Each structure stands twice: as structure tokens, then as C-alpha cells.
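Everything quoted here is computed from the prediction, not taken from an experiment. Protein chains get the first letters and strands the later ones, always in sequence-line order, with residue 1 at the start of each.
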Amino acid sequence: MALKGFETILAEHPVFKGFDHETLSLLAGCAKNERFRPGETIYNEGDTADKTYILREGDVAVEICCPEKEPIIIESLHGGDVLGFGWLVPPYRCMSHARAVSAVRAMSLDAQCMRGKCDENPALGYAMFQHWVPHLAVRFRALRLQLIDVYGCEVA
Amino acid sequence: MIPRRYRVVHVWPELDDVMSMELAPLDGPSPQFKPGQFNMIYPFGVGEAAISISGDMTDPGRLIHTTRAVGAVSSAITGLTKGDMVGIRGPFGSHWPIEDQTGREIVFVAGGLGLPPLRPAIYHALQNRKDYDGLTIIHGARSPDTLVYPEELTEWKSRFDTEVDVTVDHALPGWTGRVGVVTTCLDRALAGMDAVNVSAFVCGPEVMMRFSAQSLIAAGVPCDRIWVSMERNMKCAIGFCGHCQYGPDFVCRDGPVFRYDKIARRLGLKEI
Amino acid sequence: MLVDHFIADGWRVIGPRAANGAIVYEPLRSGADLPKGLIDDQQPGSYRLTDGNPNRWFDYVVGPQNWKKWLFPAKQKLWSAEKTTDGFTVTAHEESYPKTVLFGVRPCDLSAIEILDSVFDNGDFTDTAYRERRQKTFIVTVQCARAASTCFCTSMRTGPRAKRGFDLALTELGESRDNAFLVESGSPDGDNVLTALDCPAPEKQHHDAAEKATQNAINDQSCHMPDDIRHLLRDNPEHPQWDDVADRCLSCANCTLACPTCFCSDVEDINDLSGDHTERWRSWDSCFSGAFSYIHGGSVRRSTKSRYRQWMTHKLSSWHDQFGTSGCVGCGRCIAWCPVGIDITAEAAVFAKDEE
């Protein structure tokens, strides 16, 4: 029953909705339910990126810490968003802190399991590439916009 | 060409460098205005600045402007106090065609001080909510302490018939709201909408408007149902001085509000 | 002659005079002030007055100045304000513009005045001071019988012969000491002057001679503006020629000052030392200055390339969208008075050639 549930969740998600049934069930084999309490750390910068999360409910703050001041929230993620890219790129480390702001319900995908399946099955690897990269590009574009600080010098 | 005189009846701070003021006319009644139009405000002896009207168009007797101190004139305006006199020319320019969008799903996207020029149109949509299929207000700011009109945003959000999404580019840990650019927030909001029925009004820095329009179009909003408000150097406001030219358009007369498809090609050109 | 008739009738007559080596448009004391016998040799970046046929009154064409300085002064006061105990008062500036004859307006410059008329009465707003000056102005056109090498009115369809827009139009006929003028009227005011002057009616030979003069001015022209320049510039904002011309252009604004249709202006508030009295002045401005496109945070047009593109595209392309005509009348002033000799027709030709 649990596996079927993961497949449905994946099938409805923008990143995975293009995959066929067989691939989804393959990926669902790497899935697990996760819950985080408000304020709970999901991962810390430098942790091994052994999971990626598909948020189902709740809000997550992605933070970068500066020694001399409060951590800066650089992105907030919400139901439907993907949390964590570190699992895709060696050396597979988390590059920021992730903290649950409210009660979070998520599905995690085990990184080693995913990478292993992609290694065994290059077609799956390519499908992952095709569906993950557009999602990454959207996030990347948003971060560029954030970078230029558009509201820094505006007038009414 | 000659300013009419107004009395500052009320001033209140909005942000560190932003204040709002209410003006009452001294030389005859205040003219009707349309949402998105602007006035040239003249503090005595300093010069004029183009400032959009941010009050309610059903109550033109209470003329409200929200101004950020950035130059000599706008700093003089934000330094005005109750009882001071200012000169006003206007209202000038094109407007948000909110009254023509009945039956549509209305999306307002306001980046930073793009909210004051949209507020008269938002007021209209809220007052005539039943005329529209949906109403979503998205406001992006640099950080939580630079959100514009925070009390009103909360009040609008408390209405069951209005969606209000607020996002900031950066925040400190106390902030429990969204962090991310306004387009990310817009993409999410659009995901639940019938995009072909959306009419969108976008106001903010030019880059933010460009990216927002791209998000709207990617979601399927027709490009002739998106409006943006442009900013250029404004001196005369009546099409004589040439400063505000934007391609073939005078921003003071043909704008500031433009339908996106009419200027889309120019938006991608540098130094135009 | 005609100048003296107007002066005797109480008009201020502004007309061509030779001053500082150039033809300027200044008040005339009598017809004797006209620069008879002079011709102008104009080339890209060059202007010289030389001696021509001493019997001819109007063989020079256009000088560095233009008539807009009388109708749209380079500096004008708009209003003043005085501080009071509870604020300030504003007083509109009333100027007194005497009834004025613009004498010797060439067909290209006549078109330029028509263009300014549409700029300062744009359908939504009217510059009332400009309108008053125009209403008090009587225009005597001189049809061209010769062209400078910088002239291209034929391709702009503004000359060398004006058919309307003037009150009176003169065509100088013949080469001899007692050469005649063909005088045509273009308005009821012009008719009245003609009646008062009691000139003999023109005969066929006069019309033929006028036609010959016009043909001569057409034949003299070697510069041409491509017919479809409006669309060529509109469609090529990223053409490499903009970089090429930007390498030569000094962004000095001479072209915009010499141009008879450039209308951009700036406003300035001028205060006295007490701070109690302030005035709003309007003065000519140029799209070649950095401050022209300044919005908070910086100028929109930072490069010379973008400024030249703005000027030329506005003049030849977007002007059509704004006012229904080209903003160029083919007078050639911007060519002669460009310190580096940029020739707008040569620049335009590059766009036309690349389109072929």
C-alpha cells in the first residue's frame, strides 16, 4: 500500500509527472515518509546529502549562516517543492541549512538508491536529467533575480 | 503647466525612507483620477517629481501619495509636514484598465514600491469583488521590514474572497513567511488558475516586471492581458519635453501603464 | 521692398543676415540688411560663406540657426512662485510677443514649423505661449533656386518648393540687377498684403522661370534619404552600424541644437537668495546628454551608441508614430554642423544597403 501511495505522489509532482508507470514504481522503491516538527533541522550545511525531499505540507527555510549575524533565509520552500540538490553532484554534501518552519510532511528519496538505479539503467538516468534540469533551471533563474537585488534602488 | 496648490492635511511614515501624505485642494476641487495615473508634485522651490496616486479613486477629494526619498525633490516631499503647501499638476498618463476586466481572474503583482501605483486598482477590485472571477495580490519586497502597507495586506488577506501572497528576497529566522523572488510566488499562484482567464497587472522594478511577464506567459496568460507600468525621466508630463520617450511612446502620455504585448520587444533592448 | 513694407506697417521682421561668417536669423532694420550676393558652401562638418552673383538676394540656403528659436525660445520663463505666510502663490508668466514676420523661411524650415505646430498641440495638451507666437506670426517663404551639397529636401518631400503653409512665398527669378520675384499668397493674410502691394499679375514666363529655379535646386541635390528609413531603423535597433557611428559621434549635441524640429527641453527651478521667490524656466535640452535619460540610480542611455540611436530613430522613425510625419525635413544642418562630419543620409544608406 505504501509503495502505491508514493507512486501516486510522484505521478502528481511536476518533476516526475512525465515518467512512465514502470519508472515511477522503480523510484518509489527509494521513497520514505518523513515528518519534521516546527523548528526542527532537516539537514545542516556539510551533511552528507543522502536524501532529497518532496515536500507535501508545511514550510521549510533554507538558510546560510554568517558567523557575525543571524542566519539569512535565502529561500523558503512549501508543499510541492523539492528540497535538496546536493545528492546529484559529487561530493554529495548539503550546501545549506534546512529548517522546518511549520510542521512538515515530506517524502524523501534515498540518494544512493536513486543514483544506483540510474547507474544500472542509463535510460532512467537520462529521464531524470530531462525532468530535473528544467526544475533546476527555474530555481536557478529565480536565484539570479534574487542576486541583483531588484528593490535595492527603486522609486515609486 | 501651472501647478494647483494643495495643503498637506496628514502625513504618516510607511518605511524608513517612505512616507504617505494626504492632500486637500486649495485651488478648486481635486480632479478625478484613474488607477495607475500620476501627479507631478512640487515642493516650493525644489522642483517637480512624478509620483503615482495611491489612494481610492472613489474619493478623489482625499489625494494620497506614497513617496520614497531618493533624490532632491522626493526627499523634500518626504520631509513635508502637516500644514505645508505643495503644487500639483495632473493627473497624467494611462491607467490600469481594471474596470474593463469583469468576469476575469485578476492577478496583481507588486514588487516593492510597485504596490502604491497598484493600490487604487486593488481598491476598485476589492470594492467590486463580485465582478471578478478571482482576486490574487502578490507582493514581493526585499525583506520583511520593507513590505509596503503591511496592515492592509493583512486586512486583504483576511477576506475569504481574496488571495494575498507575500514574499521577500531575504529574511532573518523570525520570519515565517515566504522567502524567494516574486516570480516563484507567482508561478505557484498561477498553478491553480485558469490562465487564459487571467488579467494581470504588474508593477515594480523593470527587471521584476520582465520576469513576471515571462512567468505569466509561460503559464498561459495571454500577452494582451498583462499590463505593466514603466518608469522614465519625467519633466513636463504632457508630451512636450521628450525626456520620457520609450521607443515611439511618451511614458507620460502613452504610459506609464502599457499593455505588455505592445512593448514586449522593447523590454528586451538595452538602453532604449 | 517687401521687408520695408512690413517694417513701415509696424511688424517686427526677423530675417537672414550675415553675422560672424554665417547666415543668422535676426531682426532686420531694413531690406538692406539682407545678405545679398552671398552663397554658402556646405559640406559634412564644414560651412563657409562666399561671394556669389552680386545681383541675387537669396542664393544661400540655411544657416546654423533655425526659426524655432523665435517660436520656441531656447530659454523661457514658465511661471514664478512667491512664498507667503501660509504657503506660496503661483503666477503664470505672461510674455509679450510682437506681431512678427519670419522673412525668408525656406520650404524645409516651413515644414519644420508645421512639425513644431503638431508637437506643441498634441491633441491632449497645447503650449499656449507657442500657439500665441504662431498666431502673431506671418511667414514669408523664399523658394529655393539652389541647394547646398548637404540639402536633401527632395527626398524628404519638404522642398525645394513649398506649396502651402506660408502666408507669402517669393521665388527669385533671373540673374540680373533688376531681377523679378514671383510672389504667391498662401493665406487670407497673404492676400491682403498682395493687394496692398499692388504687384503686377505674374505671366507664364514668370511661372516658367520659377519652375526652372525649382528644378535647379532639385538637380543640385546629391544627398538622399532612403524611402523606407522609418521601418529600417525601427527593425534594426541592434545593427552594427550603431557601434560604427558611435565611434565617430562626440555626443556633443550640435545636431540637436541645429535641427529645426528637435523640441526636447528641460525645466529648472531658479531661486533667489532669500528663498522666497522662485521661477520655473524651460530650456532646450538634448537627447545626447547623459542627464537626459536619468532615472533614480542612473541614466538609461549611458552609451553614445544608444543616444545616437535614440536621436536618429526618433527623428526618422518613431516621429511617424508620434506625430504622423518624419521629424526630418532634409535641411542638412546636422550634417554641416557636426564637428566630425557625420552625414545622416550616409548613415541611413548603410541600413538601406544592408537590407538589400
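The contact between C/T126 and chain B is made entirely by backbone atoms, counting heavy-atom distances below 4.5 Å. With a 4.5 angstrom heavy-atom cutoff, C/D127 touches chain B via backbone and side-chain atoms both. With a threshold of 4.5 angstrom between heavy atoms, C/R280 approaches chain B through side-chain atoms but not through N, CA, C or O. Looking at C/K83, the atoms closer than 4.5 Å to chain B (heavy atoms on both sides) sit in the backbone and in the side chain alike. Looking at C/H320, there are no atoms closer than 4.5 Å to chain B (heavy atoms on both sides), in backbone or side chain. Proximity to chain B involves both the backbone and the side chain of C/N122, based on heavy atoms less than 4.5 angstrom apart. For C/S293, the part lying near chain B is the backbone, with the side chain staying farther off; criterion is any non-hydrogen pair under 4.5 Å. Contact annotation for C/F323: only side-chain heavy atoms (C-beta onward) come within less than 4.5 Å of a heavy atom of chain B. Neither the backbone nor the side chain of C/E279 comes within contact range of chain B, judged by heavy atoms closer than 4.5 Å. Contact of B/I272 with chain C is made through backbone and side chain together, with heavy-atom distances under 4.5 Å. Looking at C/T89, both its backbone and its side chain come within 4.5 Å of chain B, counting heavy atoms on both sides. Only the backbone of C/D276 comes within contact range of chain B, with heavy atoms under 4.5 Å apart.
The pair B/R68-B/D17 meets the salt-bridge criterion, with a side-chain N (NZ, NE, NH1 or NH2) lying under 4.0 Å from an Asp/Glu carboxylate O. Ion pairing between a basic and an acidic side chain is recognised when a charged N comes within 4.0 Å of a carboxylate O; C/K77 and C/E94 show no such pairing. Ion pairing between a basic and an acidic side chain is recognised when a charged N comes within 4.0 Å of a carboxylate O; B/E271 and C/R309 show no such pairing. A salt bridge does not link C/D86 with B/R5: every distance from a Lys NZ or Arg NE/NH1/NH2 to an Asp or Glu carboxylate oxygen is 4.0 Å or more.
The shortest side-chain heavy-atom distance between B/F258 and B/D249 falls under the 4.5 Å cut-off.
Note on B/R265, B/M234, B/K270: by heavy-atom pairs under 4.5 Å with chain C, the leading option is B/R265.
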